[in-house]
Chemist: 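Supplied in structure tokens, the structure appears directly below.
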Amino acid sequence: MPGPRRYDYLITGGAGFIGSHLCEFLLSKGNSVLVLDDLSTGSLSNLDECSDNPSFRFVVGSVLDESLTRGLVHQCNKVIHLAAAVGVENIIQRPVETIETNVKGTENILLAASGDNTPVFIASTSEVYGKSENIPFREDGDIVLGATSRSRWSYACSKAIDEFLALAYWKDKGLPVIIGRLFNTVGPRQSGRYGMVLPRFIEQALSGKPITVFGDGEQTRSFSLVYEVVDAIVALVENPEAIGKVVNIGSTQEISIGDLAEKVKEITDSISEIRFISYEEAYPDDFEDMRRRAPDVSLLQSLTGSFPEADIEAIIRDILK
Ligand code: UDP
């Protein structure tokens, strides 16, 4: 028999960029939080604001460890599963790790949760829409992925499998699951180390190095501030209507990467030049980018009453603070 549940939430990947903001938010609302993180891309310093809180506990370990995962899930009322391989560069360099962490890790969480029917939020990604041109992306729209010889798509594919598996647990076993497809999320503490564009541009601009725009810079993304994403995740987790659903979490404000570089340069008052770099030069592998990415947020709005709205200039200024 499992023991008593001692924590309100288990956050896998809680030492990561989004996870650590989520922990801070949940603790500030009086919840108790248990974090599991292998510190592969996350770091303990992200949790500096949490570590002294008596309602907080950190466990270093991997979601790939089945018995550890099972033991921790059974101590918590709800699971928010964020642990995953992240960052396009990281994913291209470590394809085996990406697929195994994303698929096996999520399988372990769902299996453990189904043991005592623990509700699970699964963090998926806008990457699953792939090259679809049906902008804005709706959750029930088709997904369009590239060839398996291009490692980038293994990330989208592994996350799509996570979604299928989570929905199968819901349909087959009645496990309460919610899937959030996170679009580009940015904010304080995000590292540019794994390729993410905005922290990288800001670092480049502040150090006077060239701001590196890949391709023609006409590709677009929609950036949300991490606090708004955290609000959306918690609002979904608290809403029984969200169970069994796949929900976009992102901003509707699309911006081209070239314009983003200009804005960063302007707001930081940087002397950096904006340098265009071909994809062949930027990525060693046979690489494919997506031209546009923007969510339809009507489902998020109907379930939570809001969606991320901070504009990109406010976001850049917030990060600089
Ligand atoms: N990008 C760029 N310069 C960089 C890093 C990224 O121009 O130094 C581009 C990248 O090719 C993509 C966009 O910025 O078109 C967003 O990249 P990121 O890796 O942040 O996330 P993605 O949305 O591709 O997952």
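We number each residue from 1, following the sequence as shown. In what follows, every heavy atom counts, from backbone to side chain, and hydrogens, waters and symmetry copies are set aside. Keep in mind that what you see is a predicted model, and the values were worked out from it rather than measured. Order of listing sets the numbers, starting from 1, for every ligand and every atom in it.
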Chemist: Under the ring-ring contact (aromatic ring centres under 6.0 Å, His included) test, which residues partner H21, sequence neighbours left out?
Modeler: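 Residues passing ring-ring contact (aromatic ring centres under 6.0 Å, His included) with H21: F17, Y227.
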Chemist: Can you list everything that forms a side-chain contact (heavy atoms from CB on, under 4.5 Å) with S51? Sequence neighbours excluded, please.
Modeler: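 Once residues adjacent in sequence are excluded, S51 has no partner under the side-chain contact (heavy atoms from CB on, under 4.5 Å) criterion.
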Chemist: Is the ring pair Y129/F183 parallel, tilted or perpendicular, if the boundaries are 30 and 60 degrees?
Modeler: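 Taking F183 first and then Y129, their aromatic rings sit tilted (interplane angle of 30° to 60°).
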Chemist: What does the list of residues with a heavy atom under 4.0 Å from ligand 1 look like, ordered by chain and number?
Modeler: V88, E127, R152, N184, G195, M196, V197, R200, F201, T212, V213, F214, Q219, R221, I257, Y279, Y283, D289, R293
Chemist: Output all residues satisfying ring-ring contact (aromatic ring centres under 6.0 Å, His included) with F164, sequence neighbours left out; order by chain, then residue number.
Modeler: none
Chemist: Do K263 and E313 sit within salt-bridge range, that is, some charged N less than 4.0 Å from a carboxylate O?
Modeler: yes
Chemist: Are F25 and L82 connected, step by step, through hydrophobic side chains (Ile, Leu, Val, Met, Phe, Trp, Tyr) whose heavy atoms are closer than 4.5 Å?
Modeler: yes
